[in-house]
Q: 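So that we are looking at the same thing, I have put the structure below in structure tokens.
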Amino acid sequence: MSSTIETKMSICDKYIRVTADQREDGTIGIKVESDCDALQGFAENLTSVTMDDILNFETSNINKEEVRGNMSMICVAPIMVYQAAWMECGMLSRRIYPKSGPITIDMVKDE
């Protein structure tokens, strides 16, 4: 069973969908879909990850410049890859995750 998460980025008005599938060889297949041109290279460059990629942020292929391409530094697509892969590996609950609601980052208005 695959694990899929999606978001509508309010800051850039783009849609992102990430699907992770556990493979028999121990890797996790990754599919990134988006209407953002800057994510097309990321989607082509990152078609699978290893357990080390999702456990070691510092050395992960997900974060490498040559994989990320020209995407914005604040794009949530890489974090979505981590979350979908973690869910696929049982590190995030498939039952609880959808109930937790959206993850938001809100600007604090000056008082």
Q: Any side-chain heavy atom of V18 within less than 4.5 Å of one from E6?
A: no

Q: To the nearest 0.5 Å, what is the distance between CD1 on I11 and SG on C75?
A: 10.5 Å

Q: Run the side chain to side chain donor-acceptor pair (under 3.5 Å) test on T27 and D25 for me, step by step, so that the C-alpha distance in whole Å, both residues' side-chain angles and the decisive distance to 0.1 Å come before the verdict.
A: CA-CA 6 Å; T27 63; D25 67 359; 2.6 Å; yes

Q: Does I74 share a hydrophobic cluster with M9, counting links as ILVMFWY side-chain heavy atoms below 4.5 Å and allowing steps through other members?
A: yes

Q: State, to 0.1 Å, how close K64 and T59 come at their nearest heavy-atom pair, and which atoms those are.
A: CE-O, 4.1 Å

Q: Does the D53 side chain pair with the main chain of N61, one donor and one acceptor, at a distance under 3.5 Å?
A: yes

Q: CG/N45 to CE/M71 distance, rounded to the nearest 0.5 angstrom?
A: 9.0 Å

Q: Any side-chain donor paired with an acceptor under 3.5 Å for R94 and S3?
A: yes

Q: Rounded at 0.5 Å granularity, tell me how far OH in Y82 sits from CG in L55.
A: 9.5 Å

Q: Counting only heavy atoms not in E65, do more than 12 fall under 6.0 Å of its CD?
A: no

Q: Give, for atom CG of N56 and atom CG of N63, the distance between the pair rounded to the nearest 0.5 Å.
A: 9.5 Å

Q: Which heavy atom of I16 sits nearest a heavy atom of M80, and at what distance?
A: O-CE, 3.5 Å

Q: Could you report the tightest heavy-atom contact between S34 and Q40, atom names first, then the distance?
A: O-NE2, 3.1 Å

Q: Out of curiosity, F57 CZ to I62 CD1, how far, rounded to the nearest 0.5 Å?
A: 8.5 Å

Q: Dump the intermediate steps for salt bridge (charged side-chain N to carboxylate O under 4.0 Å, His left out) on K31 and D21, then the final yes or no.
A: CA-CA 9 Å; K31 182 177 182 182; D21 288 295; over 6 Å; no

Q: In Å and rounded to the nearest 0.5 Å, what is the OG1 to OH distance from T7 to Y15?
A: 9.5 Å

Q: Can you find a heavy atom in the side chain of I28 that is under 4.5 Å from one in the side chain of S48?
A: no

Q: Looking at E88 and R23, is there a salt bridge between them, counting it only when a charged N and a carboxylate O are closer than 4.0 Å?
A: no

Q: Less than 4.5 Å apart, side chain to side chain, heavy atoms only: is that true for I30 and T47?
A: no

